[in-house]
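As the structure is a prediction and not an experimental result, all values here were calculated from the model.
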Amino acid sequence: MTLSEFKSSLNEPNPPEGLSTQLEALWYYGKGDWKSAHNLADGPSDKLSARVHAYLHRKEGDIWNADYWYRRSGETRPEISLKDEWEMLVERILKIR
C-alpha cells in the first residue's frame, strides 16, 4: 500500500484489512476520530506505538504529554507540521509492513 492508497482508504467506512495497530490508529486519526486513534495507540508498549501516541498528543495540544511519549519512543518532537508528521509516520509504517 502507498501513502496515496492509504489516504484514499479514508473515504471508506472501515479501515482496510490487515493494518497494524499503529496504522489503524493513524487511519482513525485521518478520519477525524482522535478518540479511537488514541485508544489504539494507548495500549501497546513498543516504541512505534509510543511514537504514534506522541503524535496524537501533539495534535491534541498536550505538548508535555506528547514529549513524554516522544521520549518513550526514543525520538524527539519533530519541527514539522502535523500534516507532514502524519504522512511521515504512515509512510514509515507502510515500509516496515
Side-chain angles (χ1 to χ4, degrees):
M1 179 180 288
T2 66
L3 175 62
S4 179
E5 291 167 334
F6 186 83
K7 286 180 173 181
S8 291
S9 76
L10 296 172
N11 294 318
E12 301 300 323
N14 298 304
E17 294 282 326
L19 293 184
S20 67
T21 301
Q22 299 91 353
L23 270 178
E24 190 173 348
L26 292 169
W27 187 88
Y28 277 106
Y29 171 76
K31 295 279 286 183
D33 186 349
W34 187 93
K35 184 176 180 179
S36 291
H38 184 262
N39 287 343
L40 286 163
D42 196 24
S45 61
D46 62 281
K47 288 187 177 206
L48 189 55
S49 294
R51 183 63 177 77
V52 172
H53 200 162
Y55 168 76
L56 293 170
H57 281 293
R58 179 178 175 223
K59 171 59 180 161
E60 179 189 35
D62 187 353
I63 299 303
W64 180 90
N65 202 3
D67 286 344
Y68 167 80
W69 287 102
Y70 282 115
R71 285 190 303 277
R72 293 270 314 256
S73 75
E75 299 184 34
T76 58
R77 182 172 11 114
E79 302 268 338
I80 59 177
S81 72
L82 288 162
K83 177 185 176 291
D84 288 347
E85 186 177 3
W86 182 85
E87 290 181 351
M88 181 268 307
L89 284 169
V90 170
E91 285 183 316
R92 179 193 296 182
I93 298 167
L94 285 172
K95 286 179 184 175
I96 59 175
R97 287 185 72 206

Participant: For a quick test of reading the model, state the closest non-hydrogen atom pair linking Leu56 to Ala41 and the distance between them.
Facilitator: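 Scanning both residues, the minimum pair turns out to be CD1-CB, 3.9 Å.
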Participant: Mind listing the closest non-hydrogen atom pair of Asp33 and Ser36 along with its distance?
Facilitator: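 Heavy atoms only, the tightest pair is OD2-OG, 2.7 Å.
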Participant: Mark yes or no for whether Glu12, through its side chain, and Ser9, through its backbone, hold a donor-acceptor pair below 3.5 Å.
Facilitator: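 No.
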Participant: Check the pair Glu87 / Lys83 against salt bridge (Lys or Arg N to Asp or Glu O under 4.0 Å), numbers first and verdict last.
Facilitator: CA-CA 6 Å; Glu87 290 181 351; Lys83 177 185 176 291; 3.0 Å; yes
Participant: Mind checking whether Gln22 and Asp46 have side chains closer than 4.5 Å, heavy atoms only?
Facilitator: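 Side-chain contact under 4.5 Å: yes.
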Participant: Does the side chain of Leu19 come within less than 4.5 Å of Phe6's, by heavy atoms?
Facilitator: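 They are in contact (side-chain heavy atoms under 4.5 Å apart), so the answer is yes.
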Participant: Distance from Arg92 atom CZ to Leu23 atom CG, nearest 0.5 Å?
Facilitator: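 Output value for this atom pair is 12.0 Å.
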Participant: Given side chains that start at C-beta, do those of Thr2 and Leu94 come closer than 4.5 Å, heavy atoms only?
Facilitator: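 Answer no - side chains too far apart.
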Participant: What's the spacing between Leu26 CG and Glu91 CD if we round to 0.5 Å?
Facilitator: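 One finds 12.0 Å between CG of Leu26 and CD of Glu91.
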Participant: What's the spacing between Thr21 OG1 and Leu48 CG if we round to 0.5 Å?
Facilitator: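 So the OG1 of Thr21 and the CG of Leu48 are separated by 10.0 Å.
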Participant: Are the side chain of Ser49 and the backbone N or O of Ser45 linked by a donor-acceptor pair below 3.5 Å?
Facilitator: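 Not confirmed, Ser49 side chain does not pair with Ser45 backbone.
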Participant: Answer yes or no: is there a side-chain heavy-atom contact under 4.5 Å between Val52 and Tyr29?
Facilitator: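 Of all side-chain heavy-atom pairs linking Tyr29 with Val52, none is under 4.5 Å.
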Participant: Just so I know, are the side chains of Arg58 and Pro78 near enough to count as touching, which here means a heavy-atom distance under 4.5 Å?
Facilitator: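 Sidechains of Pro78 and Arg58: in contact.
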Participant: Indicate yes or no: at least one non-hydrogen side-chain atom of His57 is less than 4.5 angstrom from one of His38.
Facilitator: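 His57 reaches His38 side chain to side chain.
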Participant: Would a single hydrophobic cluster contain both Val90 and Ile80, if residues Ile, Leu, Val, Met, Phe, Trp and Tyr are joined by side-chain heavy-atom contacts under 4.5 Å?
Facilitator: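 Different hydrophobic clusters.
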Participant: Distance check, rounded to the nearest 0.5 Å: Asp67 atom CG versus Asp62 atom CG?
Facilitator: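 It is 9.5 Å, given to the nearest 0.5 Å.
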Participant: Under 4.5 Å between any side-chain heavy atoms of Arg51 and Trp69, yes or no?
Facilitator: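 SC-SC contact between Arg51 and Trp69 ruled out.
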Participant: Closest approach of Leu3 and Trp86, non-hydrogen atoms and distance?
Facilitator: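 Taking every non-hydrogen atom into account, CD1-CZ3, 4.3 Å.
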Participant: Side chains of Leu82 and Tyr55, heavy atoms from C-beta outward: is any pair under 4.5 Å?
Facilitator: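 Contact flag for Leu82/Tyr55 side chains = yes.
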Participant: Between Lys59 and Glu85, does any NZ, NE, NH1 or NH2 come within less than 4.0 Å of an OD or OE carboxylate oxygen?
Facilitator: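 Judged by the 4.0 Å cut-off on N to carboxylate O distance, Glu85 and Lys59 do not form a salt bridge.
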Participant: Examine Tyr70 and Trp64 and state if one hydrophobic cluster contains both, with Ile, Leu, Val, Met, Phe, Trp and Tyr joined whenever side-chain heavy atoms are less than 4.5 Å apart.
Facilitator: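 Looking at the clustering, Trp64 is in a separate group from Tyr70.
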Participant: Kindly indicate, with the supporting measurements, whether the criterion side chain to side chain donor-acceptor pair (under 3.5 Å) is fulfilled by Glu60 and Asn65.
Facilitator: CA-CA 10 Å; Glu60 179 189 35; Asn65 202 3; 5.3 Å; no
Participant: Please name the pair of heavy atoms, one in Leu40 and one in Tyr28, separated by the smallest distance, quoted to 0.1 Å.
Facilitator: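 Nearest pair, atom of Leu40 first, then Tyr28: CD1-CD1, 3.7 Å.
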